[in-house]
Amino acid sequence: MIPPASGSALDWAWAADVRALLFDFDGPVCRLFEGHDTGRMADDLRGILRGHDADLSGLHQERNAHTILRRTRGLAGAALAEAEKWLTERECEAASTARLTPGVRDLIEGLSIPLAVASNNAWDAIDGCLRREGLLERFSGGIHGRDPKEPWRMKPHPDCIERALHHLGADDRERVALIGDSEADAEAAREAGIAFVGFVPEGRANAARLTELGARVVVAEMTELTRVFLPGRD
Ligand SMILES: [Mg+2]
């Protein structure tokens, strides 16, 4: 457990009331681009947008492809279509070999409450990974990836969370939690009015920041969540 969450029963008392869990995909479910050259991906995506005369000011060193994809806003539809198709293909390629996050299979397979994915990644990539791993049917709340027509509504915008809540028919938002690993996840959960569980594997340093942004708890390993949501299983 990462401070300030102490791991006491009090910290986790709310977990017993959680009625649905949403998973961010890249990080909590799998390590999507592990071993991939994300710098090269960012360069290639910039090249596509440059071909459509996009304003790339401030993005020349950016390594996050999603941040670059946002710059399609206001461009002709052809620019968005080409960039979105290219990135979806890269995400599908990565998802085809991505390893599950250690411990997440036990958590997903053991939970009996409704689950959903709320992610900035492409629906096809998430669907492909979960299908290959035999986990797709566990997500009765559906897969809610980025909107390919409006990718600028990725988290921290709460759009994918709102779609998941609608699909789940969840009206008591405080009893729904998102498990995520980024500041955008925390901000989107707060905007949607749901609880947030931070997942920060060892070696990453944003646990304090996620707590500042409202994380109920921050964990370093999925097994910590298994212990809480599936007591007696380990
Ligand atoms: Mg993530």
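These numbers come from the heavy atoms of this one structure, side chains and all, not from hydrogens, waters or symmetry mates.
Within a 6.0 Å sphere centred on CZ of R73, other residues, nucleotides and ligands contribute 12 heavy atoms or fewer. For CD of Q61, the number of neighbouring non-hydrogen atoms (other residues, nucleotides, ligands) closer than 6.0 Å is 12 at most. More than 12 heavy atoms of other shown residues, nucleotides or ligands fall within 6.0 angstrom of atom CZ in R19. Applying the 6.0 Å contact sphere to CD of E174 captures no more than 12 heavy atoms from other residues, nucleotides or ligands.
At a threshold of 4.0 Å, the pair R153-D147 does not count as salt-bridged, since none of the basic side-chain nitrogens sits closer than that to a carboxylate oxygen. Of the charged side-chain nitrogens involved, none lies within less than 4.0 Å of a carboxylate oxygen, so that E109 and R138 do not count as a salt-bridged pair. With salt bridges taken as basic N to acidic carboxylate O contacts below 4.0 Å, none links E62 and R71. The residues E221 and R227 are annotated as not salt-bridged, no charged nitrogen and carboxylate oxygen being separated by less than 4.0 angstrom. Comment: E82 does not engage K85 in a salt bridge, judged by the lack of any side-chain N to carboxylate O separation of less than 4.0 angstrom. A salt bridge links E84 and R146; the closest N-O separation between the charged side-chain nitrogens and carboxylate oxygens is under 4.0 Å. A salt bridge between K155 and D24 is present, with a side-chain N of the basic residue lying under 4.0 Å from a carboxylate O of the acidic one.
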Steps toward salt bridge (charged side-chain N to carboxylate O under 4.0 Å, His left out) verdict (E187, R190): CA-CA 5 Å; E187 290 169 7; R190 185 167 65 180; 5.6 Å; no
Audit row: V228, V219, side chain to side chain contact (heavy atoms under 4.5 Å, CB included) steps and yes/no: CA-CA 11 Å; V228 170; V219 299; over 6 Å; no
Check against side chain to side chain contact (heavy atoms under 4.5 Å, CB included), V117 and L130: CA-CA 10 Å; V117 175; L130 296 179; 4.0 Å; yes
Criterion side chain to side chain contact (heavy atoms under 4.5 Å, CB included) on L22 and L168, from CA distance to verdict: CA-CA 10 Å; L22 312 184; L168 288 161; 3.7 Å; yes
Chi angles and distances behind the side chain to side chain contact (heavy atoms under 4.5 Å, CB included) call for E89, D124: CA-CA 9 Å; E89 288 171 357; D124 282 344; over 6 Å; no
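Proximity of a side-chain donor or acceptor of T101 to a complementary backbone N or O of G27 within less than 3.5 Å is detected. In terms of modelled atom types and a separation under 3.5 Å, the side chain of R50 and the main chain of L56 share no donor-acceptor contact. A donor-acceptor distance shorter than 3.5 angstrom exists from the side chain of H157 to the backbone of D159, with no hydrogens or angles considered. In this structure, R99 contributes its side chain and C30 its backbone to no donor-acceptor pair below 3.5 Å. With hydrogens and angles ignored, the 3.5 Å screen pairs a side-chain donor or acceptor of E91 with a backbone N or O of A122.
Residue S119 holds its OG atom at 11.0 Å from NE2 of H144, rounded to the nearest 0.5 Å. In this structure, CG on D26 lies 6.5 Å from CG on D181, to the nearest 0.5 angstrom. Once rounded to the nearest 0.5 Å, the distance linking CD1 of I113 with OG of S140 reads 9.5 Å. The OG1 atom of T72 sits 11.5 Å away from the CD1 atom of I48 when rounded to the nearest 0.5 Å. Between the CG atom of L59 and the CG atom of N64 there is a distance of 10.0 Å, given to the nearest 0.5 Å. In this structure, D55 CG and L75 CG are separated by 9.0 Å, a value rounded to the nearest 0.5 Å.
Contact between G180 and L210 at its shortest, heavy atoms only, is O-CD1, 4.5 Å. F33 and R90 get closest at one heavy-atom pair: CE2-O, 4.0 Å. The minimum heavy-atom distance linking I161 with A118 is given by the pair CG1-CB, 4.1 Å. The minimum heavy-atom distance linking P156 with R70 is given by the pair CD-NH2, 3.7 Å. The two atoms that bring V200 and A207 nearest to each other are CG2-CA, 4.0 Å, heavy atoms only. Looking at every heavy atom in both residues, A125 comes nearest to F25 through O-CZ, 4.3 Å.
Considering only heavy atoms from C-beta on, F23 comes within 4.5 Å of I108 through its side chain. Residues V176 and V18 fail the side-chain proximity criterion, which asks for heavy atoms closer than 4.5 Å. A 4.5 Å side-chain heavy-atom check between R46 and L49 finds every atom pair outside the cut-off. The closest side-chain heavy-atom distance from T88 to P148 is not below 4.5 Å. With a 4.5 Å cut-off on side-chain heavy atoms, L111 and L21 count as touching. H66 places a side-chain heavy atom less than 4.5 Å from the side chain of N121. Counting only heavy atoms from C-beta outward, the side chains of V217 and T211 never approach each other to under 4.5 Å. Residues M222 and F199 form a side-chain contact, since some pair of their non-hydrogen atoms from C-beta on lies under 4.5 Å apart.
Between W12 and W14, the ring-plane angle classifies as parallel under the 30° and 60° cut-offs.
Residues H167 and E162 bring no donor and acceptor atom of their side chains to less than 3.5 Å of each other.
Remark: D37 pairs with R40 by the side-chain contact (heavy atoms from CB on, under 4.5 Å) rule, at least two apart or across chains.
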